[in-house]
A.B. asks: 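Okay, handing you the structure first.
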Amino acid sequence: MSAADIPSQVRRRRTFAIISHPDAGKTTLTEKLLLFSGAIQIAGSVKARKASRHATSDWMEIEKQRGISVASSVMQMEYRDCVINLLDTPGHQDFSEDTYRVLTAVDAALMVIDAANGVEPQTRRLLQVCRARNTPILTFVNKMDREVKAPLDLFDEIERELGMAVVPFTWPVGMGRNFAGVMDLREDRMRVFSPGEDRAGGNEEVIDGLANPVLAQRFGIDAEQASGEVELVREAAPGFAEDEFRAGRQTPMFFGSAINNFGVREVLDALVDLAPAPGPRPAIQREVKAEETKLTGVVFKIQANMDPAHRDRIAFVRVASGHFQRGMRLKVVRSGKEMRPNTVVSFLSQRRELLDEAYAGDIIGIPNHGVLQLGDTLTEGESLQFTGLPFFAPEMFRTVEVADPLKTKQLRAGLTQLGEEGAIQVFRPMAASMLLLGAVGQLQFEVVAHRLEHEYGVKARVQPARYNVARWVTCDAADGGERELQRFIDANSHRVAHDAVNAPCVLLEYAGELRAMQENWPKIRFHALREHAGLVFQKQLDG
């Protein structure tokens with residue numbers, strides 16, 4: 001394919017993440033989007049934990065047991081001549097780091113809101129990450145066939161809580177047991193609610209206009225009241241403005257019931273029609289345009305043991321520009337090493353297919369054994385470093401030791417791989433041989449212990465550690481640079497550890513110790529966030 005074809009291929013791509021608070025129905029909606037695109041023929045049951053079927057995107061054993069998502073999944077499908085890269089993210093806040101990193105690799109987000117609970121805490125946090133990157137957001141209000149908040153109250157709450165203009169594209173007629181369907185506000189037609197099944201299909205019934213007497217006869221709808229509500233919404237809501245949506249200041253809103261297949265096709269169509277194609281991405285050296293002929297990409301996720309039988313490690317790469325072809329020469333900018341990946345894959349969650357080519361916006365998987373790290377930039381030779389892949393200072397710490405001393409080597413290998421993929425942060429204290437685990441939430445430790453036992457055959461004892469505060473440390477060249485930093489590390493070696501990319505980190509018991517240390521070492525900078533390979537956010541974060 002010639003370089004002239006690259007722009008047309010880029011325009012076909014849509015890359016988005018599904019985000020929500022836990023239990024809003026995000027994984028169910030993911031299943032149904034795959035179903036309606038034709039990528040799968042039968043949807044799994046995310047709630048039937050002991051059933052033979054599970055959600056396509058929940059492939060880990062612990063996900064199947066608990067009925068939750070603990071790792072992001074990538075799925076590629078084709079719909080209406082578009083190539084859609086869909087990333088299902090964990091809703092639980094304990095896995096927010098994985099979600100934040102995934103959000104750096106997408107061009108849009110689909111926010112799922114439980115109509116009974118409205119805007120929940122994790123929804124707000126994830127939205128803040130999207131807003132910081134000006135990510136366009138579509139909103140799907142789910143579970144309308146249950147007892148829910150009044151639609152007008154949800155409309156006001158979303159605008160107020162999320163601080164962005166809401167533009168309803170559909171509006172519910174009735175709710176709970178009286179849910180009759182949704183009104184397409186643009187076409188002035190009502191799609192009648194019909195509970196779906198695991199398979200897509202069936203005839204969709206559409207009735208023109210709320211004033212149609214058929215609605216009152218069949219559903220007992222008060223046409224005058226329903227029309228009044230729709231008119232109120234039309235007057236209160238702004239008109240859809242594409243530039244406002246793409247700047248993350250306006251969100252189109254859709255209503256439905258994912259588990260019943262209702263409203264799913266409208267969301268899928270909106271993603272194709274409204275979500276942007278891949279655009280330029282910032283690197284330290286320059287802005288990289290999606291239509292450039294030279295390939296660039298960034299590793300935003302690493303997953304170990306997607307195929308436990310082969311102990312594999314897959315690097316998930318977001319293609320930022322150019323045309324990827326299997327076997328082409330790529331440079332790992334961090335190390336300067338060259339690689340020629342010949343077994344590159346595309347994803348449908350755990351299922352993989354050998355990939356011959358890819359374009360900007362696509363997510364490709366490169367099997368490797370430690371060659372690639374989170375945040376690595378791949379190019380055809382140019383020295384570039386994409387920015388924005390975050391690592392957060394842990395808030396909880398645990399020591400870990402193996403129950404069987406003969407399996408110490410397996411423990412270290414397992415923790416090294418889990419640390420490389422970002423499932424947990426692993427620290428090597430300078431003054432001790434025992435590894436330290438750092439996490440945002442307790443559930444991360446439970447998942448790591450489970451994976452060590454079931455994927456690496458190591459039963460580990462995870463015990464509380466005395467630390468509660470961690471900060472990465474750097475020193476500007478103007479303040480003495482490496483020499484001053486080394487002086488700090490030598491003086492505090494009893495509480496300094498190195499992380500998975502060998503970045504130094506100081507571990508403390510109390511926040512007061514951090515304040516005292518900042519006063520005693522004014523040239524040292526203490527960071528609550530770091531980017532890949534020691535590139536730390538320039539803004540100093542304390543406390």
Side-chain angles (χ1 to χ4, degrees), residues 18-33 43 45-49 55 67-69 91-92 110-124 126-127 138-162 166 168-185 190-198 202 204-205 207 210 215-230 232-233 236-237 251-267:
I18 298 189
I19 60 175
S20 78
H21 193 84
D23 295 326
K26 171 176 50 59
T27 301
T28 302
L29 180 58
T30 298
E31 286 285 295
K32 297 308 175 75
L33 291 171
S45 170
V46 294
K47 291 300 179 186
R49 298 177 187 177
I68 61 170
S69 299
H92 200 289
L110 175 58
M111 179 170 61
V112 184
I113 290 179
D114 185 329
N117 298 325
V119 180
E120 298 176 88
Q122 184 68 354
T123 313
R124 294 188 194 96
L126 292 170
L127 184 90
L138 294 93
T139 300
F140 180 69
V141 181
N142 195 22
K143 306 184 183 180
M144 286 305 299
D145 55 322
R146 302 186 184 181
E147 294 307 315
V148 299
K149 293 184 177 183
L152 282 171
D153 292 341
L154 283 167
F155 175 80
D156 290 339
E157 182 180 343
I158 293 169
E159 278 209 325
R160 183 180 65 254
E161 291 281 347
L162 303 184
V166 176
F169 273 52
T170 64
W171 192 257
V173 178
M175 56 188 186
R177 292 181 181 178
N178 299 317
F179 182 50
V182 296
M183 193 72 187
D184 186 325
L185 298 182
M190 180 173 159
R191 289 180 174 84
V192 177
F193 174 64
S194 176
E197 298 179 351
D198 295 335
E204 186 182 66
E205 188 176 359
I207 299 175
L210 276 172
L215 295 178
Q217 292 169 9
R218 285 181 54 184
F219 306 109
I221 292 173
D222 184 334
E224 189 174 337
Q225 179 183 337
S227 295
E229 189 171 278
V230 167
L232 182 62
V233 169
T251 178
M253 180 166 66
F254 300 83
F255 291 84
S257 168
I259 199 159
N260 283 300
N261 294 350
F262 191 75
V264 176
R265 192 178 298 281
E266 287 76 17
V267 169

A.B. asks: Quick one, Leu127 and Met111 - any side-chain contact, counting heavy atoms below 4.5 Å?
C.D. replies: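 Contact flag for Leu127/Met111 side chains = yes.
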A.B. asks: Find out whether Phe254 and Leu138 are in side-chain contact, i.e. whether some heavy atom of one side chain is under 4.5 Å from a heavy atom of the other.
C.D. replies: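 With C-beta onward as the side chain, the pair touches.
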A.B. asks: With heavy-atom distances below 4.5 Å as the criterion, would you say the side chains of Val182 and Met190 are in contact?
C.D. replies: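 The answer is no, as the side chains (C-beta and beyond) never meet within the 4.5 Å cut-off.
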A.B. asks: Less than 4.0 Å between a side-chain N and a carboxylate O, is that true for Glu161 and Arg124?
C.D. replies: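 The answer is yes: the pair qualifies as a salt bridge.
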A.B. asks: Do you know the tightest heavy-atom contact between Met253 and Trp171?
C.D. replies: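 Closest approach of Met253 to Trp171: CE-CZ3, 4.0 Å.
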A.B. asks: Would you indicate whether the side-chain heavy atoms of Val267 and Arg265 approach each other to under 4.5 Å?
C.D. replies: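 In short, these two side chains do not touch, never coming nearer than 4.5 Å.
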A.B. asks: Taking the six-membered ring for Trp, are Phe179 and Phe262 ring centroids under 6.0 Å apart?
C.D. replies: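 Centroid distance Phe179-Phe262: below 6.0 Å, so yes.
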A.B. asks: Of all heavy-atom pairs between Arg191 and Asp184, which one has the smallest distance, and what is that distance?
C.D. replies: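 So the minimum-distance heavy-atom pair works out to NH1-OD2, 3.1 Å.
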A.B. asks: Which heavy-atom pair separates Ile259 from Lys32 by the least distance, and what is that distance?
C.D. replies: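 Nearest pair, atom of Ile259 first, then Lys32: O-NZ, 2.9 Å.
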A.B. asks: Any non-hydrogen side-chain atom of Met183 less than 4.5 Å from a side-chain atom of Thr170?
C.D. replies: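 Side chain of Met183 against side chain of Thr170, heavy atoms only: no contact under 4.5 Å found.
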A.B. asks: Spell out, as yes or no, whether a donor-acceptor pair under 3.5 Å connects the side chain of Asn142 to the backbone of Ala258.
C.D. replies: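 Side chain of Asn142 to backbone of Ala258: a pair is present.
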A.B. asks: Contact between Ile19 and Val112 at the side-chain level, heavy atoms closer than 4.5 Å - yes or no?
C.D. replies: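 They are not in contact (no side-chain heavy atoms under 4.5 Å apart), so the answer is no.
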A.B. asks: Donor-acceptor pair, distance only, cut-off 3.5 Å: does the side chain of Thr123 make one with the backbone of Val119?
C.D. replies: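 Such a contact is absent between Thr123 side chain and Val119 backbone.
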A.B. asks: List the atom pairs, with distances to 0.1 Å, where a side-chain N or O of residues 144-156 and a protein N or O form a donor-acceptor pair under 3.5 Å, not counting sequence neighbours.
C.D. replies:
| unit_1 | atom_1 | unit_2 | atom_2 | d |
| --- | --- | --- | --- | --- |
| Asp145 | OD1 | Ser257 | OG | 3.0 |
| Asp145 | OD2 | Asn260 | ND2 | 2.8 |
| Lys149 | NZ | Glu157 | OE1 | 2.9 |

A.B. asks: Which pair of heavy atoms, one from Ile18 and one from Leu33, lies closest together, and at what distance?
C.D. replies: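 Shortest heavy-atom contact: CD1-CD1, 3.8 Å.
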